[in-house]
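First listed ligand is number 1; within each ligand, the first listed atom is number 1. Nothing here was measured: the structure is a model prediction, and the numbers come from that model.
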Amino acid sequence: MPKVSFPKDFMWGCATASYQVEGAWNEDGKGESIWDRFAHSPDRVLNGDTGDVACDHYHRYKEDVALMKELGLKSYRFSIAWPRVYPQGKGQVNQKGLDFYSRLVDELLAAGITPFPTLYHWDLPQALQDEGGWGNRDTAQHFAEYCSTVVDHLGDRVKRWLIFNEPAVFTFLAYLSGLHPPGIRDTRIAVRSTHITNLAQGLAARAIRATGKAEGIGTAFSMTGIYPATESAEDKAAAERRFAFTNLWFLEPAAHGRYPDAYVGGMSPERLGVQPGDMEIVKTDFDFIGINLYSRAVVQHDPQDANLGAREIAPPDAERCKFGWEVYPEAIHDVIMRIWNDYRKPIYITENGASYDDVVDERGQVNDPQRVSFYQRYLAQVARAIEEGADVRGYHAWSLMDNFEWTFGYSQRFGIVYCDFDTQRRIVKESGRWYADVIRGNGFQY
Ligand code: NOJ
């Protein structure tokens, strides 16, 4: 059993997001978010679940930080709810909202845990959606102002910031598939929203740097390992387009001020709504790249698909987690190497994990050997990438605790800590205890 080990000072962490764990949806002056509105509407979320209470982290953050300390976490990735800070998305600041995050940061620092906040993890103020949301260019400006306010307020204690969480997911699910709020299905708006989000990313990065208080800025990009179905030139080209679309649509503009070649025949600046000067604004020299990675896609050339000319096929006999995602550990290695080779920036794994059917046994314990095995295999691949030269600085398990999994409500448990949503009792799962050992030993036998 060789030891899988990690560099000194590796940032071992866990991740959560505001709407998924906080609850307190309308307390202390918080404004309504698009997720509040959506979850309160009929038939949007499985079983009618909402994030009204979620893990009640807003009230139980001290207990949760104590738990993080017990696990030995070095880093806590959480997100800041924009409508707590600006209930209307702009204009009047809600001091009580800022105070909550300030208390959380103090609590983390006192526990020796580095706060690693994300400024946007999908809970847009509803008031801004009423003005068009990410389909309205003004939103980019409001977002930059909100970021500036938060960083100015917490920047004496928080040094590293993530601007967005998974911009590819929140734009397309909101405006193309309509599965996420505001539930719009409109290709024109969806395409434009991606450009406005890139603009917002650039404006926010500038606003954050202007505070003079941040030492590192990045975004947590959703990434997937992409593999051609066969070695044919056509399948390989299709896989490349899909890689660009899935993994680079918000990274390539930041790194090089251009959109990657994802669409067959290209994507016109007119469809994106690019205005003169925009491609300068979207360019922001990130200090690091955040990667959220869970799975892979196997892709075949498909002339019927007018957009990407690509179709995903289901590999036979794939191992899957409860969510249906294929468990494919090599994907994390392969994506890290590709991103490291192409961009040469420090990398943080900002999310990785799996949902399984966890149950509390008669002794009050939660044993989740499948999740332990998932983490062993993915972490071994992260270590392999580091050995091959990639500068990976940290890893965040998704998630610290079971929480509100968007349209799937509370049906998908991703935590290394079990949350009983009736009593709010937390139980560290077997995987949580295993992860604590990994952190303590800065590695594991495998
Ligand atoms: C992606 C998202 O960032 C997070 O909010 C979600 O819960 C997990 N991955 C699992 O789907």
Side-chain angles (χ1 to χ4, degrees), residues 13-23 33-36 38-39 45-46 49-51 54-55 57 75-82 116-124 161-174 177 179-181 197 201 218-225 246-247 249-251 289-297 320-328 331-332 335 348-358 368 370-371 374-375 378 395-419 421 431:
C14 280
T16 65
S18 47
Y19 188 72
Q20 296 181 271
V21 299
E22 282 178 2
S33 81
I34 55 174
W35 270 97
D36 294 316
F38 198 71
V45 176
L46 191 68
D49 289 345
T50 73
C55 307
H57 185 58
S75 171
Y76 177 44
R77 176 179 173 231
F78 59 98
S79 82
I80 294 178
W82 184 351
F116 193 9
T118 307
L119 286 152
Y120 185 78
H121 199 129
W122 307 356
D123 38 5
L124 184 74
W161 295 89
L162 290 156
I163 295 177
F164 282 129
N165 179 68
E166 302 197 343
V169 173
F170 77 73
T171 49
F172 281 111
L173 262 52
S177 70
L179 291 172
H180 280 194
T197 299
Q201 188 169 247
T219 272
F221 299 101
S222 45
M223 295 205 183
T224 302
T246 303
N247 297 338
W249 199 252
F250 298 85
L251 172 55
I289 294 170
I291 297 179
N292 292 0
L293 187 138
Y294 291 85
S295 190
R296 72 157 173 175
R320 296 181 187 278
C321 76
K322 186 185 176 193
F323 214 21
W325 289 340
E326 186 182 0
V327 176
Y328 193 79
I332 202 162
V335 167
Y348 287 90
I349 299 303
T350 33
E351 281 184 32
N352 176 230
S355 70
Y356 291 108
D357 268 323
D358 300 313
D368 54 345
Q370 284 175 299
R371 187 174 288 103
F374 177 97
Y375 280 122
Y378 275 75
Y395 176 93
H396 296 76
W398 182 273
S399 175
L400 171 68
M401 56 192 160
D402 301 335
N403 58 48
F404 178 84
E405 180 56 31
W406 308 113
T407 48
F408 296 87
Y410 296 99
S411 69
Q412 299 291 325
R413 295 185 176 272
F414 274 91
I416 60 167
V417 174
Y418 183 93
C419 183
F421 297 108
S431 57

Applying the salt bridge (charged side-chain N to carboxylate O under 4.0 Å, His left out) criterion to D357, which one of K322, R371, R413 satisfies it? K322

On a heavy-atom basis, the closest approach of R77 and A220 is NH2-CB, 3.6 Å

Ligand 1 atoms in contact with N165 (distance to a heavy atom under 4.0 Å): 2 (C), 3 (O)

Less than 3.5 Å between some nitrogen or oxygen of W122 and one of ligand 1, yes or no? no

Any N/O pair N403/ligand 1 closer than 3.5 Å: no

Could you find the nearest protein heavy atom to [atom] and give me its residue, atom name and distance?
atom: atom 7 (O) of ligand 1; result: E405 OE1, 2.6 Å
atom: atom 8 (C) of ligand 1; result: Y294 OH, 3.4 Å
atom: atom 2 (C) of ligand 1; result: E351 OE1, 3.4 Å

H121: heavy atom below 4.0 Å from ligand 1, yes or no? yes

Looking only at heavy atoms of W325, does any of them come nearer than 4.0 Å to an atom of ligand 1? yes

Going by side-chain hydrogen bond (donor to acceptor under 3.5 Å, both in side chains), name the residues that satisfy it together with T224, two or more places apart in sequence or in a different chain. none

Classify the angle between the aromatic ring planes of W122 and W406 as parallel (below 30°), tilted (30 to 60°) or perpendicular (above 60°). tilted

With no hydrogens and no angle check, just 3.5 Å: does a side-chain donor-acceptor pair link [X] and [Y]?
X: T350; Y: N292; result: yes
X: T219; Y: Q201; result: yes
X: T16; Y: Y76; result: yes

Under a 4.0 Å heavy-atom limit, does Q412 contact ligand 1 with its side chain, its backbone, both, or neither? neither

